[in-house]
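Worksheet: the structure to be examined is printed underneath.
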Amino acid sequence: MAEKVTFKNGKLHVPADPIIPYIEGDGVGQDIWQNAQLVFDRAVEKAYKGSRKIEWLEVLAGKKAFSQSGVWLPDASLEVIKSHLLAIKGPLETPVGGGIRSLNVALRQELDLFACVRPVRYFQGVPSPLKHPEKTDITIFRENTEDIYAGIEWEAGSSQVQKVIEFLQTQMQVQKIRFPESSSIGIKPISIEGSKRLIRSAIDYALAKGLRKVTLVHKGNIQKFTEGGFRKWGYELAQEEYAAELEKGRLVVDDIIADNFLQQILLNPERFDVVALTNLNGDYASDALAAQVGGIGISPGANINYQTGHAIFEATHGTAPDITGQDKANPCSLLLSGCMLFEYIGWKEAADLITAAIEKSFAAGCFTADLAGEAPSYSTSEFAQVLIENL
Ligand code: NAI
């Protein structure tokens, strides 16, 4: 009988037939989920010859949930994900209009998924703007819960912002607000705990993968206590918890200012293995890095709380309304997110099979329309069939 994945004493316990919740997603979500699930199941079957199997459990969110229950993110869906620890999801539409928060943000906040993990690598054959895109092989750890994303802001001209500015001027002797009458104000919280748990996860990931270098990316030259704190606490943590690894040379922790980082990933991307960033810098860097390997539409992502085991693996693109229902979408972002899920639960063989099948298909010039350029392209379902043959 299928069982839940559990988390005890800091470790995941994965049965041979785990129940994994999935959110199909809106728009192209349906096209890509159905095809991706076929590939996942065949890869598991092939890797473990029937001794392991995933029991997929559909969880409603987004438009499908709204049309059935009138709610975009039903409490029951959240409860299922909470109690099963893991989920994988397609893209969700953020309904435009007041009062409805992003479902993605809601899921991350509810489960305190503090690390946004994005492995960025090149697949041979994918069009890229760089001469040597294969030199980029970097895993991003973006802090997911703090920074200006906390959403603490007051609008220019509001009575609240007047109070904040008055407080700053009279109580804190702040004289540096250039236009106090017409400024909006935002607050950027960055904490010791928030920084350390993210950087610890990045270091553990690097060590587990046999990677040596963890780089702290920050803007500490300007924002001394927030971004500078992130850097300082990162070095502190490394000394406190990883002294032996540092001494043996198994781990190197260094840092770089965010603007220089954006130059260096273009000039010398091979300098970096794992990078840890605050939330906003991580947002910019994720898209810049994905673009340089041509993978903006195929890069995978996961949002993880390594302390509770909770994790949601997701396609990083949106719902692609322009190609919805046309069997045209590229399923690779979801597929590679699935590979991250398999690695997370220790089923590396299944992940490796899928990754190798994607490599082989791309190398043979088999692409969906988004990557094919002028060449003939494969539909989503044809592409999935090629992958299954290549497993
Ligand atoms: P989008 O990523 O949906 O589309 C941008 C362009 O990329 C379109 O031309 C689309 O056809 C193409 N594209 C995206 N995914 C593709 C795929 N798998 N294969 C081939 N082509 C693909 O971004 P957009 O238009 O800004 O957002 C549409 C909706 O998606 C919005 O409601 C937005 O809130 C939501 N969204 C959801 C995300 C998530 O759930 N993680 C992330 C980004 C946007």
Side-chain angles (χ1 to χ4, degrees), residues 21-37 39 59-67 72-73 77 81 87-111 113 116-118 123 126-127 140 142 144 149 279 282-284 286-287 290-291 293-304 311-341 358 361-362 366-373 375 377-384 386-387:
Y22 70 92
I23 295 170
E24 194 176 70
D26 298 324
V28 288
Q30 205 172 0
D31 309 12
I32 57 175
W33 172 260
Q34 285 167 0
N35 287 290
Q37 193 187 328
V39 177
V59 170
L60 292 182
K63 264 193 173 154
K64 203 166 174 180
F66 189 74
S67 66
W72 292 94
L73 182 59
S77 299
I81 298 177
I88 180 164
K89 63 175 275 294
L92 290 172
E93 184 178 319
T94 300
V96 180
I100 304 170
R101 61 184 180 154
S102 156
L103 300 181
N104 296 307
V105 174
L107 283 167
R108 280 170 213 162
Q109 285 178 350
E110 290 286 339
L111 299 171
L113 304 174
C116 176
V117 185
R118 299 265 179 107
F123 284 89
V126 171
I140 300 170
R142 165 185 170 192
N144 230 356
Y149 288 75
N279 207 339
D283 194 1
Y284 299 147
S286 298
D287 275 22
V293 294
I296 196 116
I298 62 168
S299 46
N303 296 293
I304 304 179
I312 297 186
F313 300 83
E314 64 176 2
T316 55
H317 55 75
T319 57
D322 51 335
I323 54 167
T324 291
Q326 298 173 32
D327 195 21
K328 257 190 179 171
N330 189 335
C332 286
S333 179
L334 188 63
L335 283 167
L336 292 166
S337 304
C339 291
M340 293 179 76
L341 185 156
I358 294 176
S361 309
F362 285 171
C366 163
F367 294 112
T368 44
D370 54 316
L371 298 179
S377 62
Y378 287 66
S379 67
T380 314
S381 46
E382 287 165 347
F383 184 78
V386 173
L387 287 183

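In each ligand, atom 1 is the first atom listed, and ligand 1 is the first ligand listed.
- Protein heavy atom nearest atom 39 (C) of ligand 1, with residue, atom name and distance: N104 ND2, 3.2 Å.
- Looking only at heavy atoms of the protein, atom 44 (C) of ligand 1 is closest to G318 CA, 3.3 Å.
- Between the side chain of N330 and the backbone N or O of I298, no donor-acceptor pair lies under 3.5 Å.
- From the protein, the heavy atom lying nearest to atom 42 (C) of ligand 1 is H317 O, 3.6 Å.
- Distances between N or O atoms of T316 and those of ligand 1 include no value under 3.5 Å.
- Within ligand 1, counting atoms from 1 as listed, the ones closer than 4.0 Å to a heavy atom of L92 are 35 (C), 36 (N), 37 (C), 39 (C), 40 (O).
- Near A315, meaning under 4.0 Å from one of its heavy atoms, ligand 1 places the atoms 41 (N).
- Summarising the geometry of L73 relative to A106, their closest heavy-atom pair is CD2-CB, 3.9 Å, with the distance given to 0.1 Å.
- For atom 35 (C) of ligand 1, a protein heavy-atom neighbour is found at a distance under 4.0 Å.
- Each of the following atoms of ligand 1 lies closer than 4.0 Å to a heavy atom of N330: 17 (C), 18 (N), 19 (N), 20 (C).
- Atom 20 (C) of ligand 1 is flagged as protein-proximal [any protein heavy atom, distance under 4.0 Å].
- For I140 against S286, the heavy-atom pair with the smallest separation is CD1-CA, 3.5 Å.
- Residue-level proximity to ligand 1 for P331 is absent, since no heavy atom of it falls below 4.0 angstrom.
- A pairwise comparison of heavy atoms in A315 and S333 identifies CA-OG, 3.3 Å as the closest pair.
- If you check each of S333, A320, C332 against atom 4 (O) of ligand 1, the one with the closest non-hydrogen atom is A320.
- Atom 24 (P) of ligand 1 lies below 4.0 Å from none of the non-hydrogen atoms of the protein.
- Taking distance alone, with nitrogen or oxygen atoms compared against 3.5 Å, K328 stays at or beyond that limit from ligand 1.
- Rounding to the nearest 0.5 Å gives a distance of 4.0 Å between CD1 of I296 and CG of D287.
- Relative ring orientation between F66 and W72 is described as parallel, the plane-to-plane angle staying below 30° on a 0-90° scale split at 30° and 60°.
- Looking only at protein heavy atoms, the nearest one to atom 33 (C) of ligand 1 is T94 N, 4.3 Å.
- Side chains of T319 and D26: no donor on one and acceptor on the other come within 3.5 Å.
- Of the candidates D322, L371, I323, D322 brings a heavy atom nearest to atom 8 (C) of ligand 1.
- Contact annotation for atom 1 (P) of ligand 1: protein present (non-hydrogen atoms, distance under 4.0 Å).
- Put simply, the side chain of T316 never gets that close to the backbone of P300: no donor and acceptor are under 3.5 Å apart.
- A donor-acceptor pair is defined here as one N or O able to donate and one able to accept, closer than 3.5 Å; no such pair exists between the side chain of S77 and the backbone of V59.
- For T368 against S377, the heavy-atom pair with the smallest separation is C-CB, 3.9 Å.
- Both the backbone and the side chain of T319 come within contact range of ligand 1, each with a heavy atom under 4.0 Å.
- Separating the CG atom in L334 from the NE2 atom in H317 is a distance of 7.0 Å, to the nearest 0.5 Å.
- Contact annotation: for K89 versus ligand 1, heavy atoms closer than 4.0 Å belong to the side chain alone.
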